[in-house]
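All values reported here derive from a predicted model rather than from experimental measurement.
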Amino acid sequence: MDFNALYHANFKLLDDAVSDWSTLVDHLVDLKKDAEDGLHKAALNADWVGVNAQVSKQFIGKTAGEFGDAHTQATTIRNILRDTRDELKAFHQQLTGAVARGEQKNLTVINSGDGKFTVMSSTRPDWSSDPSGKTGGADQKDVDALRDEIQGILSRATESDNSAKTVLMALVDQARMGFSDARYEDRDAAATAVKEADEMAALAKKDPDDLSVKDFDRLNAGLKKYHDDPLFSERFAKDLGPEKTLSFWANVSDSQVSPEINRERREQLGDLQKNLSLTLASASRSDTADMTEWKRHMVDISGQDVGGKRGGIFGYQVMSNLMRVGDYDDDFMKQYGKSLMEKERQLTHDGDHTAWQRMGFSPYLNRMKGGDSGFDPLSGYLQGLSHNPGAATDFFNDDFIPKDGDHKKAVSNFKYLFEDRDWPHESNNDLSRGESDDGRNNLAAALEAATTGHPAGELPTYDTPAHTPGQAKLFENIVSSISDDNGRLTDHSFMSDSMGQIASEYLPDIDRATTDVDRHPGKNDAAGQAAWERLQKLYPVQGAAAEVNHSDVSRFLFAVGQDPQGYAAVEVGQKKYMANLLEYHLNPDLPENQRPDHDMELTVRDIARHSGQVSGTLAMGRNEAVAGPADQKDKDFDHSVAQWKNLLSGTVGTGVGVGTSFIASPAVGAGVGGAAGTATSMMLEELFKDAEGSAKDDAGPRIGKDWENGNQANMKYTSAAAFNAAKQYHLNGDVATWAEQSSSQGFLEGGGYMERVGAELVTDI
């Protein structure tokens, strides 16, 4: 800090800047509220169709969110400027006070140029004749003390000024376009985050022989505290660099390289892996030039040896294990995945052989408790994709083997991984020596994210975008693949929970398929055109519709229905969807051009019948699973249904079907349709109350063991849904009777149809 600049400082411009930013913050509060309450909520309530459903609605949601980020960033900048101004004003007062005190001791401070200063003793000509004998001036001790005091003030002012510059530049660099959501209450908090990042990176850079248990604890605690801090994460990743990132985890996770840490902190290694992963994920979302280069370089070197002390480990094997948690940047995940699959193709000779097989002496690169060893990089990467829907959709639709001279037909990443890959045998990392299914299970979770548009294991929300063509195409491929070979799912039943969730979010498409209506009638086929238009109104779809046929859907549902969690996701979801659909179509305020029929009875009967067909097909799958000695499984089905009922009955506004249909989905219908969803939320608890009782005490006949009881339960559920919907709108007529009769018809049809199209799959019904 320049002595002259601080001593003669004029803070008017800085005061004006703080005042202007404060005014901007106040205005942005109003704009943020208007964007959320007006723009965003209006978008959620709008009737989007076609491309608008996939693009405009999502764009408006992101635009509204930018106002929130703008407010956050403006507030942070204002806070930093205000703190810095207040500190500099304090330093200015300290400096002028020190100079004034020096003058009282006959000391003069002189600006010597280039920001430097000199402290000199003051002298006067008459001091030489002073009768007291004093010669005037000051002691050298006083000169040195004032010099040191002033230098300390200038140093602290310089640190304040420089740290403000550092954090402000880092803050605005975070987002190349738009605004950063980094939030800091004051300048010191932001500066501390940057300082901590430097210290944590220095620890991670240590030679593994020099990394003590104390260092490990300090690093783990720092990453845990700051992994979501944007400035910390970016600075840490930049300081550490891609090479050191890979070598650090390869060394610290290897008991042969870091024996003391693995002995003393083995239980904490999984926490460090998680905290490091979250930190790198946060850093990857930064738009700084340094992070752009970091991501490019990480992709480039992942196919090389990581340079760890043991050696023989590819960068992919390390980095994929640092992707298991956190939301990484989409583009980085896509480029990394493309590069990883090129390596997979090379090592497997176009998928003809197995790669990444762990040997007994190989290190455990995944330290997440109870997980796989981490030696197969696809397992960790797929787990990362399960948190990253956008990247997951593109990845599975991308080519593993493109169509070229040697290959007459392209092989997608989905087909290769779901159908063709020879997965390496994996062991659990908890030393139980058991076989691990994590790879395929992570594949299922990644497919869930890729087809639904939200992270696996979560329910969709109002903001979940409508299905895109890429998502719908992937769902079509999943249905077709499992229909072609049920064993792809039933031999790996642990994948069924994800498949059930996927199916529950494509119920309008599934119900359309059960009607057998031709989606592509000829131009001269007036009857066919009318039937297709009616079906589109009966099961309205927002966004891209998946084209699946009745036979494939039945075989797919039969496979999903053989697992308790898969069965419950679709069965409970279908009942809630059916109830919302009835509410939607029975609403007297529904515009005439959105009604499939002028005959209310026909509409009710069709909805109930096709819903019954889905339940009948699922019941066939359930019976297949419980046939024979595995009687205990029947209770598992009841228990899973009870769990799903508890989950969905209390979540009006979330649930199955969101992003696929306008109003007619359980999620969208509950929030957008006004009264729609009111009866549904009360009904779901009533419909499935018996399931919980059966799960607890095995009371009464069990659906899966008694086909007739399954039909009776389906009739009861559907009749109750129709009755509640009609009661809500004060409608007369035999609505409940129509629904009950047609649901029974559909249930029986679903079972009979499955026996015809999947006779080779049904062993004992």
Mind telling me whether Y316 and W356 have parallel, tilted or perpendicular rings, with 30° and 60° as the class edges? perpendicular

Ignoring hydrogens and angles, state whether a donor on the side chain of T490 or Q562 is under 3.5 Å from an acceptor on the partner side chain. no

Side-chain (S277) to main-chain (L322) donor-acceptor, under 3.5 angstrom: yes

Using atom types as modelled and distance alone, determine if a side-chain donor or acceptor of D352 lies under 3.5 Å from a backbone N or O of T348. no

Criterion salt bridge (Lys or Arg N to Asp or Glu O under 4.0 Å) on E264 and K214, from CA distance to verdict: CA-CA 11 Å; E264 299 294 330; K214 184 178 179 181; over 6 Å; no

Just wondering, more than 12 heavy atoms not from K343 lying within 6.0 Å of its NZ? yes

Any luck finding a side-chain donor-acceptor pair between S379 and N442 under 3.5 Å? yes

Strictly below 4.0 Å, N to O, side chains only: are K338 and D394 in salt-bridge contact? no

Within the distance-only criterion (no hydrogens, no angle test), does the side chain of D438 pair as donor or acceptor with the backbone N or O of G371 below 3.5 angstrom? no

Closer than 4.0 angstrom, basic N to acidic O: yes or no for E426 and R358? no

Are F314 and L340 packed together at the side-chain level, in the sense that at least one heavy-atom pair is separated by less than 4.5 angstrom? no

Salt-bridge criterion met for R622 and D638 (N-O under 4.0 Å): yes

Hey, is NZ on K195 packed in by over 12 heavy atoms from elsewhere, all under 6.0 Å? no

Quick one: CG on L474 to CZ on F418, what's the gap to the nearest 0.5 Å? 10.0 Å

Is it true that R235 and E199 have a side-chain N and a carboxylate O under 4.0 angstrom from each other? no

Could you walk me through whether L269 and Y364 pass the side chain to side chain contact (heavy atoms under 4.5 Å, CB included) test, one step at a time? CA-CA 11 Å; L269 278 168; Y364 287 100; over 6 Å; no

Does the side chain to side chain contact (heavy atoms under 4.5 Å, CB included) test come out yes or no for R296 and Q335, once each step is laid out? CA-CA 9 Å; R296 184 202 64 78; Q335 293 303 316; over 6 Å; no

What heavy-atom pair brings A456 and A445 nearest, and what distance separates the two atoms? CB-O, 3.3 Å

Under 4.0 Å between a Lys/Arg side-chain N and an Asp/Glu carboxylate O for K309 and D254? no

Do T245 and F236 have side-chain heavy atoms sitting under 4.5 Å apart? no

Q383 side, atom CD; S320 side, atom OG - distance, nearest 0.5 Å: 11.0 Å

Give a yes or no on whether K244 atom NZ has more than 12 heavy-atom contacts from other residues, nucleotides or ligands under 6.0 Å away. no

Quick one: are L447 and M499 in side-chain contact, heavy atoms under 4.5 Å? yes

Would you call F216 and L203 a side-chain contact if the rule is heavy atoms closer than 4.5 Å? no

Within the distance-only criterion (no hydrogens, no angle test), does the side chain of D563 pair as donor or acceptor with the backbone N or O of S496 below 3.5 angstrom? no

Worked check of side chain to side chain contact (heavy atoms under 4.5 Å, CB included) between Q643 and H639: CA-CA 6 Å; Q643 287 181 315; H639 183 65; 3.4 Å; yes

To the nearest 0.5 angstrom, please state how far the NZ atom of K206 sits from the CZ atom of F248. 11.5 Å

From the list T279, D327, D329, side chain to side chain contact (heavy atoms under 4.5 Å, CB included) partner of S284 resolves to D329

Do R440 and F494 have side chains that approach each other closer than 4.5 Å (heavy atoms only, starting at C-beta)? yes

Is there a donor-acceptor pair under 3.5 Å between the side chain of S481 and the backbone N or O of N477? no

When Q304 is tested against each of I301, D300, V306 for side chain to side chain contact (heavy atoms under 4.5 Å, CB included), which residue passes? I301

R421 and D376 ion-paired at < 4.0 Å: yes

Pairing of K334 and D398 as salt bridge, 4.0 angstrom limit: no

Considering only heavy atoms from C-beta outward, does the side chain of P455 approach that of P389 to under 4.5 Å? yes

Measuring from R367:CZ to S253:OG, what's the distance to the nearest 0.5 Å? 6.0 Å

Mark yes or no for whether D372, through its side chain, and N366, through its backbone, hold a donor-acceptor pair below 3.5 Å. no

Aromatic plane relationship, F332 with Y336 - under 30° parallel, 30 to 60° tilted, over 60° perpendicular: tilted

With heavy-atom distances below 4.5 Å as the criterion, would you say the side chains of H454 and P460 are in contact? yes

Main chain of A237, side chain of W294: is a donor-acceptor contact present, judged purely on distance under 3.5 Å? yes

Within a reach of under 6.0 Å around NZ of K238, are more than 12 heavy atoms found that belong to other residues, nucleotides or ligands? yes

Could you go through E344 and F400, starting from their C-alpha distance and side-chain angles, then the distance that decides it, and tell me whether this counts as side chain to side chain contact (heavy atoms under 4.5 Å, CB included)? CA-CA 9 Å; E344 171 87 6; F400 174 64; 3.9 Å; yes

Cut-off 3.5 Å, side chains only: do N251 and S258 have a donor facing an acceptor? no

Note: D350-R345 ion pair, threshold 4.0 Å (strictly below): yes

Side chains of N275 and N220 only: does a donor on one sit below 3.5 Å from an acceptor on the other? yes

May I ask you to test the D422-H353 pair for a side-chain heavy-atom distance under 4.5 Å? no

Between the side chains of Q501 and E505, does any donor sit under 3.5 Å from an acceptor? yes

Tell me if a side-chain donor or acceptor on Q273 pairs with a main-chain N or O of M368 at a distance below 3.5 Å. yes

Could you tell me whether Y381 and F395 have their ring centroids closer than 6.0 angstrom? yes

